[in-house]
Asker: 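Provided herewith is a single structure, encoded as structure tokens, for subsequent inquiry.
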Amino acid sequence: MSQLSQHEQWASKIGFILAAAGSAIGLGAIWKFPYVAGTSGGGAFFLVFLIFTLLLGYPLLIGEFVIGRHTQSDAISAYQKLAPQTLWHVTGLIGMIACFIILSFYSVVGGWIILYLFRAISGGLGGLSQTQYGELFGEIISDPFQTLSAQFIFMLLTIIVVGRGIQQGIEKASKLMMPILFLLFLLLVLRSMTLDGAIEGLKFLFIPDFSKLTSETVLYALGQAFFTLSLGVSVMVTYSSYLNKEQSLPKSAISIIAMNAFVVVLAGLAIFPAIFAFGMEPNAGPTLVFAVLPVVFNQIPFGSLFFIAFLILFLFAALTSAFSMIEIIVASVAKNDAKKRQSATWLIGIFIFIVGIPSCLSFGVLADFKVFNRTIFDIADFTVSNVLMPLGALLISLFVSLKIAKDTLFAELRQGATISKLFFDIWFFLIRYVVPISILIVFLDVLGLLDFLK
Ligand code: PHE
């Protein structure tokens, strides 16, 4: 995809969906959702997350698609084209900065997958007890040499693919990889749900306990909805800029939302029943999935083989998301210049790795270094997921509804799709009012500015 000039397009209809779904489905659904749901009270968090996904995520995704396809431009130029001589392109800049920060800690977790994969292949992960797995993982992630090397490998893979512009090949591969990932997940879900005591996990995830809902957990649910869908950072603007006019934007958006939600639910069903069955704590934080997964695979016949397969697909899913993060930065910097693209990708990629070093070390030597009671890793995650992404989403919703003429929006949405005026009006109402007002309310509430209403 990356070698496409601004006038070139995805080779096939499915190419775009696969790339956009590849960006969405990743660590956000498989690693982040279970741990944030675990620390944020479970069912109520899940429900709010689902509502945000449908009510805010869906209209926003369409909104980003409209900006991208209409302008056929990268994350900065798109805003400049539609609103010249204004500051609106700062929206794209926020997206680039957010992607930069996300990748700096995303690559840390990507590195953990690589380390687990090495261990699993060399046979070092079979047949341990639950506590031994926990200890082993704790040891692995606190070792600076191993984790930094693995993080570097993850970045290297990302740089090579995006620098050479060979994502298209990767997207084709995901046609096969994603269904296999779904199947392996189903196997995992089956095993997890048939463990003794699994029902407690299902209750935790599906029965909302609204007393656990605080201003913060609502903000986390908002951030999680945007994070898993790669929203608010103009990634979807960039990807849809390579799109032709024959594709239905609302349909593409709904299939991406559905696939992503499916993976979120699978991850929840695989993790929570097991946590409760094994008597573990759901609020272990970022390491949660890594401590639980090997224990479940251990209980499946040929589990170590399945685990290796799972880790490969997990890594693949993480990489396709990482590609999109670096792609939007590279696309804005290198525009269409193929030569510049190579060097830009290397420079940006290495820089991201360096910036990510403290996040990596915050599970080891820097574990005690905390600001506001958060480690460096947590601060990086919090800043993007709960500040920059919602802020970007707020700006995008305002941009779409205030800066693009209604007729233009309607015409763009009708390209390649038959949509009714009613559908358009509802979408417009959501993106004009519901999205920005909801985000503002969540922000104000967290800042304590709505306390007088309580
Ligand atoms: N959506 C990706 C995931 O869930 C993360 C991501 C965020 C990717 C922002 C691109 C931009 O893993």
Side-chain angles (χ1 to χ4, degrees), residues 1 17-37 49 52-53 57 60-61 64-65 68 74-75 91-113 154-155 158 161-162 167 170 174 178 181 220-240 253 256-257 259-268 286 289 313-332 348 352 356 380-393 396:
M1 172 210 74
I17 304 251
L18 287 175
S23 168
I25 299 170
L27 296 178
I30 305 170
W31 157 79
K32 195 161 187 244
F33 171 75
Y35 107 65
V36 184
F49 161 79
F52 283 153
T53 298
L60 263 168
L61 191 51
E64 290 205 23
F65 285 170
D74 61 80
T91 312
L93 201 63
I94 293 177
M96 286 167 67
I97 296 171
C99 284
F100 189 97
I101 304 176
I102 299 174
L103 194 48
S104 77
F105 68 83
Y106 207 84
S107 52
V108 173
V109 184
W112 294 351
I113 306 177
F154 185 87
M155 282 310 299
T158 309
V161 173
V162 177
Q167 287 117 300
I170 305 274
S174 59
M178 285 299 152
L181 180 66
Y220 294 162
L222 183 75
Q224 179 64 26
F226 294 154
F227 191 93
T228 45
L229 288 168
S230 317
L231 281 177
V233 291
S234 302
V235 157
M236 294 304 184
V237 171
T238 308
Y239 269 20
S240 54
I256 290 161
I257 301 251
M259 276 190 269
N260 195 58
F262 184 55
V263 178
V264 165
V265 172
L266 284 178
V289 186
L313 297 162
F314 191 13
L315 180 62
F316 182 82
L319 281 170
T320 54
S321 302
F323 298 158
S324 71
M325 293 173 217
I326 206 166
E327 171 69 29
I328 94 147
I329 310 176
V330 172
S332 300
I348 295 164
I352 292 177
D381 183 4
F382 184 88
T383 310
V384 270
S385 307
N386 305 321
V387 182
L388 292 182
M389 296 187 92
L391 179 66
I396 289 174

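For ligands, and for the atoms within them, numbers begin at 1 and follow the listed sequence. Both backbone and side-chain heavy atoms feed into the values below; hydrogens, waters and symmetry mates do not.
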Asker: Taking the ring of Phe226 and the ring of Phe52, is the distance between their centroids below 6.0 Å?
Answerer: no
Asker: Testing Ile328, Val235, Thr320, Asn260 one by one against Ser23 for a side-chain contact (heavy atoms from CB on, under 4.5 Å), which residue passes?
Answerer: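 The passing option is Val235.
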Asker: Can you list the ligand 1 atoms lying under 4.0 Å from a non-hydrogen atom of Val233?
Answerer: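 Near Val233, the atoms of ligand 1 are 9 (C), 11 (C).
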Asker: Note the single closest protein heavy atom to atom 7 (C) of ligand 1, along with its residue, its atom name and the distance in Å.
Answerer: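 Nearest neighbour among protein heavy atoms for atom 7 (C) of ligand 1, to 0.1 Å: Phe227 O, 3.6 Å.
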Asker: Using a 4.0 Å cutoff against the non-hydrogen atoms of Ile102, which atoms of ligand 1 qualify?
Answerer: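 Those qualifying, in numeric order: 7 (C), 9 (C).
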Asker: For atom 12 (O) of ligand 1, what's the nearest protein heavy-atom neighbour? Residue, atom name and distance, please.
Answerer: Tyr106 OH, 2.3 Å
Asker: Roughly how far, to the nearest 0.5 Å, is CG of Leu103 from CE of Met325?
Answerer: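 Those atoms lie 5.5 Å apart.
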Asker: What do you reckon, does Gly28 have a nitrogen or oxygen under 3.5 Å from a nitrogen or oxygen of ligand 1?
Answerer: yes
Asker: Among protein heavy atoms, which lies nearest atom 2 (C) of ligand 1, and at what distance?
Answerer: Ser23 O, 3.2 Å
Asker: Which distance, rounded to the nearest 0.5 Å, do you find between the OG of Ser321 and the CD1 of Ile25?
Answerer: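 Going from OG on Ser321 over to CD1 on Ile25, the span is 8.5 Å.
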Asker: Can you tell me how far the CE atom of Met389 sits from the CD atom of Gln224, to the nearest 0.5 Å?
Answerer: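 With rounding to 0.5 Å, CE (Met389) is 10.0 Å from CD (Gln224).
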Asker: Parallel under 30°, tilted from 30 to 60°, perpendicular over 60°: which one fits the rings of Phe227 and Phe105?
Answerer: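 Aromatic pair Phe227/Phe105 classed parallel.
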Asker: Just verifying a value: how many Å separate Ile94 CD1 and Cys99 SG, rounded to the nearest 0.5 Å?
Answerer: 12.0 Å
Asker: Given that the side chain starts at C-beta and the backbone is N, CA, C, O, which of these parts of Met389 lies under 4.0 Å from ligand 1, counting heavy atoms, or is it both or neither?
Answerer: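 For Met389, the contact with ligand 1 is made by the side chain alone.
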Asker: Below 3.5 angstrom, do we get any N/O pair linking Leu229 and ligand 1?
Answerer: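 So ligand 1 has no N or O lying under 3.5 Å from an N or O of Leu229.
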Asker: Considering Ser324, Ala24, Ala21, Ser230, which one's heavy-atom position lies nearest to atom 3 (C) of ligand 1?
Answerer: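 Looking at heavy atoms only, the winner is Ala24.
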Asker: Would Leu27 count as a polar contact of ligand 1, with the cut-off being nitrogen or oxygen pairs under 3.5 Å?
Answerer: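 Yes, there is a polar N/O contact under 3.5 Å.
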